[in-house]
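Down below is the structure, laid out as structure tokens.
Keep in mind that the numbers below use all heavy atoms, side chains included, and drop hydrogens, waters and symmetry copies. Remember, predicted model here, so these are calculated numbers, not experimental data.
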2 protein chains.
Amino acid sequence: MFKRILIAEDQETQNISLQKTLADLGSEKPEYVYYCDDALTWIKNAIKMERPYDLLITDLYFEEDHNRQKIAGGAELITAAKTLQPELKILVFSGESKPAVIDMLFKEMNIDGYVRKARHDGQYLKLAINAIYNHKKYLSPDLKQARKENNSHDFTDLDIAIISQLVEGTPQKNIPYYLQEHNIKPSGLSSIEKRLNLMKEVLGFSKNEQLIAYCKDIGII
Amino acid sequence: MFKRILIAEDQETQNISLQKTLADLGSEKPEYVYYCDDALTWIKNAIKMERPYDLLITDLYFEEDHNRQKIAGGAELITAAKTLQPELKILVFSGESKPAVIDMLFKEMNIDGYVRKARHDGQYLKLAINAIYNHKKYLSPDLKQARKENNSHDFTDLDIAIISQLVEGTPQKNIPYYLQEHNIKPSGLSSIEKRLNLMKEVLGFSKNEQLIAYCKDIGII
DNA sequence: GTTATCCTTACGGGAAACCGTAGCAGGGCG
DNA sequence: CGCCCTGCTACGGTTTCCCGTAAGGATAAC
């Protein structure tokens, strides 16, 4: 089993119960921090002392505080940690359930496991740690189904740019200028209309308002 | 100090740490359940046995499960509990931070305290329990500021109906029919336009899309 | 080099939304 | 009772959006 585990979790009660849950897994007493910056410092020091961590368990979102932090959230912490120690295993433990966010973590950040803070999270944490120890990926089961029923449109960068501009209040007819400035093509007004129509048709919507609400729900904006 | 405390929290790790946090407060070992229905049953039984609970600590949102529940969430649990035992003190412990939701809890459900699951939630829980024991209301400090910087428009039932219809995809010009059917007045098209304009003006928006995104963020829809 | 195809863009008619104005009903007050 | 004020509604002109069609440009196959 993993010898050295580091917990990065800002929520006091969660942090306590993480320590307790991991206590009976046969590793050393896990170490824990409440801030991302601290997490990175500890990882650095552990490498320097030639006792690097085996596993990092981290939340995604950290609250702001009087302590100004360089690293704002779990995602940044993961990239920073991976540059210091590429083989470090990462288990994300967060309340986030939006498929877009979780897909990104696995695909782009190459994390090893994700457990959502939910009903049986204690059991799943243990399963996840076991799986990761055996070099497998782990995703808590409550999320697997959520990803399956995903008959959604996959949003391109263009789609997201268009929707973001709408949310900013840019009139549709002015969006071509924005797209040209940011070298996003196609940038014609007709292409924007076509793209919006496609998205709405796939999702069964008729109005932009529905589309915005949907995008807010699944978390792409 | 409170003698008998009941915890209703579906998240395994949170539930554990709640028990641990409350352990050193001088009350009996707190009792805990993972489902709303169970919570209500326990409250009922406690009354029947003439050992009623003094305090209910509950989450707001409970996950669905193979166990079909009659009571879906914390809000319903609170109303059900209060009809059984009106003097029961209620402390809500949830991750929710949207002012609209929390205001509703204090004003309409008359809860005694709210602690948000956040950085120092352990300390705040203890403060909250003390405050409630002394018949005071308690709101965790991280939320007090959030409510102050609330220069937002207060949404009327009409506003919410209009926005909901937009999110449903109803064309603006058809919303009057909907309002008439539901006996919401005013129902004229001009009134709808006027109302939308007012909301957008107060919030500094120019387009409906911005308004929808904002409402999603603060959680009124 | 030519043709076919796909994608982007431009244009124009019609619908919806936006905005200002004016008429109408109800309530308070002298 | 008459007057004023407020809020709801109705109407027209302008802008924006919607949608179908057609022209331009790049790429790939022949």
Side-chain angles (χ1 to χ4, degrees), chain A residues 151-218 220-221, chain B residues 151-218 220-221:
Chain A
N151 62 345
S152 78
H153 170 74
D154 18 328
F155 291 84
T156 66
D157 290 347
L158 174 64
D159 295 335
I160 294 173
I162 293 171
I163 292 169
S164 301
Q165 280 301 299
L166 286 179
V167 170
E168 292 293 314
T170 311
Q172 213 160 298
K173 70 184 175 71
N174 292 343
I175 295 183
Y177 308 138
Y178 170 86
L179 294 177
Q180 284 164 22
E181 282 174 14
H182 291 75
N183 291 324
I184 302 171
K185 61 179 179 179
S187 65
L189 182 54
S190 291
S191 295
I192 293 171
E193 292 171 349
K194 189 181 164 190
R195 208 65 211 159
L196 278 170
N197 278 336
L198 176 67
M199 289 189 268
K200 283 185 279 192
E201 187 193 344
V202 169
L203 296 166
F205 297 154
S206 59
K207 312 236 53 165
N208 283 352
E209 284 89 339
Q210 295 173 284
L211 184 62
I212 301 293
Y214 174 81
C215 291
K216 276 282 175 189
D217 280 337
I218 66 168
I220 63 170
I221 48 174
Chain B
N151 64 344
S152 77
H153 168 73
D154 21 331
F155 292 84
T156 66
D157 290 345
L158 174 63
D159 295 336
I160 294 174
I162 294 171
I163 292 169
S164 302
Q165 280 301 299
L166 287 178
V167 169
E168 292 292 315
T170 310
Q172 211 159 300
K173 71 185 176 71
N174 291 344
I175 295 183
Y177 308 138
Y178 171 86
L179 294 178
Q180 284 164 22
E181 282 174 13
H182 290 74
N183 291 324
I184 303 171
K185 58 182 183 180
S187 66
L189 182 54
S190 292
S191 296
I192 293 171
E193 293 171 348
K194 189 181 165 189
R195 209 65 212 158
L196 278 170
N197 279 336
L198 176 67
M199 289 190 267
K200 285 185 276 192
E201 187 193 343
V202 170
L203 297 165
F205 297 153
S206 59
K207 312 236 53 164
N208 282 353
E209 285 88 340
Q210 295 173 283
L211 184 62
I212 301 293
Y214 173 81
C215 290
K216 276 281 175 190
D217 281 337
I218 66 168
I220 63 170
I221 47 173

Counting side-chain heavy atoms from CB outward, which of [options] is closest to [X]?
{"X": "B:Lys173", "options": "D:dC17, C:dA16, C:dT9", "result": "C:dA16"}
{"X": "B:Gln172", "options": "C:dC18, D:dC8, C:dT8", "result": "C:dC18"}
{"X": "B:Lys200", "options": "C:dC18, D:dC18, C:dA16", "result": "C:dC18"}
{"X": "B:Ser190", "options": "D:dT9, C:dT9, C:dA17", "result": "D:dT9"}
{"X": "B:Ser187", "options": "D:dT9, C:dC19, D:dC19", "result": "D:dT9"}
{"X": "B:Pro186", "options": "C:dT8, D:dT9, C:dC19", "result": "D:dT9"}
{"X": "B:Ser191", "options": "D:dC8, D:dC17, C:dA17", "result": "D:dC8"}

For the pair made of [atom1] in [X] and [atom2] in [N], what is the distance, rounded to whole Å?
{"X": "B:Leu198", "N": "C:dC18", "atom1": "CG", "atom2": "P", "value": "14 Å"}
{"X": "B:Asn208", "N": "D:dC18", "atom1": "CG", "atom2": "P", "value": "11 Å"}
{"X": "A:Leu189", "N": "D:dT16", "atom1": "CG", "atom2": "P", "value": "12 Å"}
{"X": "B:Arg195", "N": "D:dG7", "atom1": "CZ", "atom2": "C1'", "value": "12 Å"}
{"X": "A:Leu196", "N": "C:dT8", "atom1": "CG", "atom2": "P", "value": "14 Å"}
{"X": "A:Leu211", "N": "D:dC18", "atom1": "CG", "atom2": "C1'", "value": "15 Å"}
{"X": "B:Ile184", "N": "D:dG7", "atom1": "CD1", "atom2": "C1'", "value": "18 Å"}

query: Is a side-chain N or O of B:Ser164 found less than 3.5 angstrom from the main chain of B:Ile160, in a donor-acceptor match?
result: yes
query: Is the phosphate of C:dC18, meaning OP1 or OP2, less than 4.0 Å from a side-chain N or O of B:Asn197?
result: no
message: If the cut-off is 4.0 Å, is B:Lys207 near the phosphate of D:dC17, judged by side-chain N/O to OP1 or OP2?
response: yes
message: Does A:Glu193 contact D:dC19 through a side-chain donor or acceptor facing the base, at a distance under 3.5 Å?
response: yes
task: Using a heavy-atom cut-off of under 4.0 Å over every strand shown, decide if A:Lys194 touches base, sugar-phosphate, or nothing.
output: base
task: Please test B:Asn208 against B:Lys200 for side-chain hydrogen bond (donor to acceptor under 3.5 Å, both in side chains), starting from the C-alpha separation and ending with a verdict.
output: CA-CA 8 Å; B:Asn208 282 353; B:Lys200 285 185 276 192; 2.9 Å; yes
Within 6.0 Å of CG in A:Asp157, more than 12 heavy atoms from elsewhere: no
- prompt: Nearest heavy-atom pair of A:Gln210 and A:Ser206: which atoms, and what distance?
  reply: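 Heavy atoms of A:Gln210 and A:Ser206 come nearest at OE1-N, 2.8 Å.
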From B:Thr170, B:Ile192, B:Asn174, residue fulfilling side chain to side chain contact (heavy atoms under 4.5 Å, CB included) relative to B:Gln165: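 The side chain to side chain contact (heavy atoms under 4.5 Å, CB included) with B:Gln165 is passed solely by B:Thr170 among B:Thr170, B:Ile192, B:Asn174.
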